Amino acid sequence: MDETLEELFTVIEDRKETLPEDSYTASLFTHEKGENEVLEKLGEETTELVLAAKDDDREEIAHEGADIVYHLLVLLSMKDMELSDLEAELEARR
């Protein structure tokens, strides 16, 4: 999974730099609400994950969990952080 996260974060960083017009990721970096849009999406996706877990819907849990991870990576990029910052924190908690 580390490789998948690294590849995704690389794409997010690229979208941040190149801002292609047809990219959802790029739109998050240029949204009029700024980082609030990403924060709202994290809240929304977290609520959806909780409801999926309550319903024991494994497919939806995976889907909403992926949405949370994606938006978290966008937030890290917005804050000029690296994936390694998150990994270091997780390692410290082992």
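Hydrogens, waters and symmetry mates are skipped; everything else that's a heavy atom, side chains included, is used. Remember, predicted model here, so these are calculated numbers, not experimental data. Residue numbers count from 1 along this sequence.
The shortest side-chain heavy-atom distance between M78 and V38 falls under the 4.5 Å cut-off. Proximity of L76 to D85: side-chain heavy atoms (C-beta onward) are nowhere separated by under 4.5 Å. With a 4.5 Å cut-off on side-chain heavy atoms, H71 and L28 count as touching. Using a 4.5 Å heavy-atom threshold, the side chains of L72 and L86 count as touching.
When the side chains of ILVMFWY residues are joined at heavy-atom separations under 4.5 Å, either directly or via intervening members, L51 and V69 end up in two distinct hydrophobic clusters. Side-chain heavy atoms closer than 4.5 Å link hydrophobic residues (I, L, V, M, F, W, Y) into clusters, and following such links, possibly through other members, connects V74 to L39. By the rule that hydrophobic residues join a cluster once side-chain heavy atoms approach within less than 4.5 Å of another member, L19 and L8 end up as members of one cluster.
Between the CD atom of E7 and the OG1 atom of T4 there is a distance of 6.0 Å, given to the nearest 0.5 Å. Expressed to the nearest 0.5 Å, how far CG of D57 lies from CD of E48 amounts to 12.0 Å. Taken from CD in E21 to OG1 in T30, the straight-line distance is 10.0 Å, to the nearest 0.5 Å. With rounding to the nearest 0.5 angstrom, the CG atom of L42 is 11.5 Å from the CG atom of L49. Between the CD atom in E37 and the CZ atom in F29 there is a gap of 12.5 Å [rounded to 0.5 Å].
Summarising the geometry of L83 relative to F9, their closest heavy-atom pair is N-CE2, 3.8 Å, with the distance given to 0.1 Å. Nearest heavy-atom pair, P20 versus A26, reported as atom, atom and distance to 0.1 Å: O-CB, 3.5 Å.
No more than 12 heavy atoms of other residues, nucleotides or ligands sit less than 6.0 Å from atom NZ of K54.
Although no hydrogens or angles enter the test, the distance criterion places a donor-acceptor pair under 3.5 Å between the side chain of K16 and the main chain of S77. Using a distance-only test at 3.5 Å, with no hydrogens or angles considered, no donor-acceptor pair links the side chain of H63 to the main chain of E59.
A salt bridge is defined here as a Lys NZ or Arg NE, NH1 or NH2 lying under 4.0 Å from an Asp or Glu carboxylate O, and E89 with R93 meets this definition.
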Stepwise side-chain contact (heavy atoms from CB on, under 4.5 Å) check, V11 with T25: CA-CA 9 Å; V11 169; T25 302; 5.8 Å; no

Dump the intermediate steps for side-chain contact (heavy atoms from CB on, under 4.5 Å) on E44 and T47, then the final yes or no. CA-CA 5 Å; E44 173 188 322; T47 299; 5.9 Å; no

